[in-house]
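Treat the numbers as computed from the prediction; the structure is a model and nothing was measured.
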Amino acid sequence: MSRNLSPREEKNVVVDVRLLEEENRRLKERLNSYSIIFERSLDAIVIFNKHGEFVDVNEAACKLFEMDKCELIGKKLSMFLELVPPDILMFQQSMLHKFGSFSDELLIKLANGKVKHIEFSMKKDAFNEYDLVIMRDISAHKALERERIMHEFLFKDVFNRAVDSIVIFDEFGRFIDVNPAFCMSLNLEKAKLLNLSFQQFIAKEDVDDFVRLLAELKEKGTAKGELSLVRLDGTVKMFELTTTSNVYSGFYMAIMRDVTDRKNMEIKLQKSEERFRAIFEQAHEAILIWDDYGYILNANRAASRTFELPLNLLVRKNLLDFLDHNDEKVKRIFAEFRKKGEIRDELTFHMPNGEDKQLEFTMKKGAIDGYHLTIFRNVTERRKIERELRESEQKFRSIFDHAMDGILLWGQGYRILDVNPIACEIFQAGKEQLLHRPITEFIPEKARKHFRKLIQQSERVGEAYAEVDFSNDGKQKIIEFALKKEIIPGVGMMMLRDITERKEMELQLRKSDTLNVVGELAAGIAHEIRNPMTALKGFIQLLQGSIKEDYSMYFNVIMSELKRIESIITEFLVLAKPQAIQYQQNDICKIMQDTIDLINVQAMMHSVQIIADFAPQLPPIYCEPNQLKQVFINILKNAIEVMPKGGDVTVRIRQSDDNHIRISITDQGCGIPKDKIKKLGEPFYTTKERGTGLGLMVSYKIIEEHQGKIDVESEVGVGTTFHITLPIKRVEKEDDHDEI
């Protein structure tokens, strides 16, 4: 049931309606203005629901995501955030829940693959349960910022690494910043330099130039010039510099290149040019400057003298006018000069007065302003002298190299200047090894003391002579030295001769003389003693039967000693009277085996075992078997006697080469010292207490008659080896069949 309104109430209702309509109009206008702002905003505006889905977007958001509005609505923001690490997203969400609003930066990847860097501001529950996000594309800004940072980094890197000096300074020349190259140039630390200015280093003569440079820099914004800076130690550094204004907060920058070395070089070149001019005019050698066609453009006074022409006529000539055009050597030299640009050689030049001169020259292509330089030297006389010297030297070299004796030349410090082949053989070294080394390095150590005395004698009297023992490794070597202090100033000469064979022959001659004397004595003594010995033996045997047994021991000793005397007499007779020898082919192994069988009983009595080691299928040799048996018995007996406690005696027979057989008898005795080995075979020399030395002497003589030799190797405390070398075929000598 309706109730009628009073006029007052009706009036109030009309007023309320009008107010509501006005409010509605204002709200529509505000909404319209918000819609315009929403759509026309340059920033992207997006409204999300609680699930992160796009609910509404403006036109800027569509441009940002490069999608239509209908395509964006309903899509989730997370599909654009795959480049953002999960921990960053969680952090941003926690900040939004905590504070209700949050601002940050993100990378979004669009559906077309494009990546954008955005700045966003987010408001939670901005419209009831909807979130509001305002986004702005800052990719270009970020790129510029990265570029700025990179440029700044590159500038700093170039600034610090630059080889040239870089200085930042103000309008008064005070240093604001300097790079390491500038610090190194002035030899000061950066901290000290930053309290100083250009004016404190500029050389006095460059002060005005620096003032003008600053004025030009302020006026034009850039300036170039040269500057000399004086370091604290007084040394001067010269720089080429380029300055620029307003490079950094209104300051100036100077890039400075150290040209000190170049400037010094230019100064030296200038002085060098002056010197060249002086040398050119005053030189003793002829100097010509000529063009590509050979025409002489300039010449010095020496050239005028050399080419026998006045200067004014010489510079009109062609260099080829003095040469034989058809000479193949001339063609070759100029072809090589054009190819290489320089050459050194010599040619025969024909002078205008008809004289020929041998000139040595050096040519340099384009040496003086593109023209060619040639320096000549007259070597006509020198070549003649050299030819004569060469002929003389060839004669000397031929004599030097083919001399039968060794020749050595020494210089300062007794260093070897030259040696001939014989001297190289004596020193057992190549010529290259000997040259420029002191002589004493090649003298055996045990002979150096003797050699130094020889040098001292040559220093005192000018010459010296001596025989020096060069023996080494058991091989005897004796060298005869003759020294002459100075054959020419500063050069001494030494003559060397190997006299080892001569010394051995002298020794053999002495031994032979001794044998002859012993033989003569033996011939007399043996006959004089043998007859009384026969009577003594007979009477002793008669007495032995009539004397009591108590004295039988004395008779045994007497008989033993008489037998020993008889054996010595027998050996004497071998030396005294040559035996009738019949050489024939025999098996050396059988001869040795028969000898071993003969002496084996004596060996067993002394606890000695004889070991035979014979090579199979040895060829027979020409020999006298009984004499060889006597030699083998003597050596085997000696081997047994030097081993009183027993041991092994090894007998080896081998073919040493195509023409010789070698018998080696080795014992395990006490050994023989090296200095005593040489005396073996000498009469009455023995190492045994009751020996005579005649056994070995006879053995040496028998082997010598068989054209063989005996070598002895021994080591004290280890044992001794006798090596007997015999020829397979005997070489008949002229006197083998002579009868006396």
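Taking CD of Gln457 as the start and OH of Tyr465 as the end, the distance is 12.0 Å to the nearest 0.5 Å. Note: Lys637 NZ to Ile599 CD1 = 7.0 Å, rounded to the nearest 0.5 Å. Rounded to the nearest 0.5 Å, atoms NZ (Lys701) and NE2 (His706) are 13.5 Å apart. The CG atom of Asp498 sits 10.0 Å away from atom CD of Glu480, with the distance rounded to the nearest 0.5 Å. Distance check: Ile703 CD1 to Ile635 CD1 gives 7.0 Å after rounding to the nearest 0.5 Å. Once rounded to the nearest 0.5 Å, the distance linking CZ of Phe337 with CE of Met363 reads 6.0 Å.
The two residues Asn586 and Cys623 make their nearest non-hydrogen contact at ND2-O, 3.4 Å. Taking every heavy atom of both residues into account, Arg448 and Thr440 meet most closely at NE-O, 3.2 Å. In terms of heavy-atom proximity, Gln655 sits nearest to Leu618 at N-CD2, 3.8 Å. Residue Ser699 comes nearest to Ile710 through the heavy atom pair O-CD1, 4.1 Å, listed as atom of the first residue, atom of the second, then distance. Closest of all the heavy-atom pairs between Asp405 and Leu496 is CB-O, 3.5 Å. Shown here for Leu373 and Ala367, the closest heavy-atom pair between the two residues is CB-CB, 3.9 Å.
Remark: Val718 engages Glu715 in a side-chain contact (heavy atoms from CB on, under 4.5 Å) (not counting sequence neighbours). Lys431 pairs by the side-chain contact (heavy atoms from CB on, under 4.5 Å) definition with Arg397, Asp418, Val419, Cys424, Leu435, not counting sequence neighbours. Applying the side-chain contact (heavy atoms from CB on, under 4.5 Å) test to Gln668 and every residue at least two apart in sequence or in another chain returns Met643, Asp648.
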The test is side chain to side chain contact (heavy atoms under 4.5 Å, CB included); show your working for Phe361 and Ile333 and say whether it passes.
CA-CA 11 Å; Phe361 58 86; Ile333 286 173; 4.0 Å; yes

What do the steps show when you test Asn626 against Gln630 for side-chain hydrogen bond (donor to acceptor under 3.5 Å, both in side chains), and what is the final call?
CA-CA 6 Å; Asn626 291 328; Gln630 184 178 353; over 6 Å; no

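With Asp657 contributing its side chain and Asn659 its backbone, the two residues share a donor-acceptor pair below 3.5 Å. Put simply, the side chain of Arg377 never gets that close to the backbone of Leu359: no donor and acceptor are under 3.5 Å apart. Side-chain atoms of Asn300 come within 3.5 Å of backbone N or O of Glu285 as a donor-acceptor pair. In terms of modelled atom types and a separation under 3.5 Å, the side chain of Ser458 and the main chain of Ile455 share a donor-acceptor contact.
With salt bridges taken as basic N to acidic carboxylate O contacts below 4.0 Å, none links Glu463 and Lys485. With respect to Asp327 and Arg332, no salt bridge is recorded, no charged nitrogen being found less than 4.0 Å from a carboxylate O. A salt bridge links Glu360 with Arg344; the closest basic N to acidic carboxylate O contact falls under 4.0 Å.
Between Phe376 and Leu288, some side-chain heavy-atom pair lies under the 4.5 Å cut-off. Residues His660 and Leu726 have side chains not in contact (no heavy-atom distance under 4.5 Å, counting atoms from C-beta outward). Counting heavy atoms from C-beta outward, Ile661 and Thr725 have side chains that stay 4.5 Å or more apart. Taking the side chain as every heavy atom from C-beta outward, Phe481 and Ile443 approach each other to under 4.5 Å. A heavy-atom distance below 4.5 Å is found between the side chains of Leu454 and Leu483.
Among Thr721, Ile653, Val649, Thr720, the one residue that satisfies the side-chain contact (heavy atoms from CB on, under 4.5 Å) test with Ile665 is Val649.
Atom CD of Gln584 is surrounded by more than 12 heavy atoms from other residues, nucleotides or ligands within 6.0 Å. The environment of NZ in Lys329 is crowded: more than 12 heavy-atom neighbours from other residues, nucleotides or ligands sit within 6.0 Å. By the 6.0 Å contact criterion, CD on Glu441 is enclosed, its count of non-hydrogen atoms from other residues, nucleotides or ligands being greater than 12.
Side-chain N/O atoms of Thr348 and Asp356 include no donor and acceptor closer than 3.5 Å.
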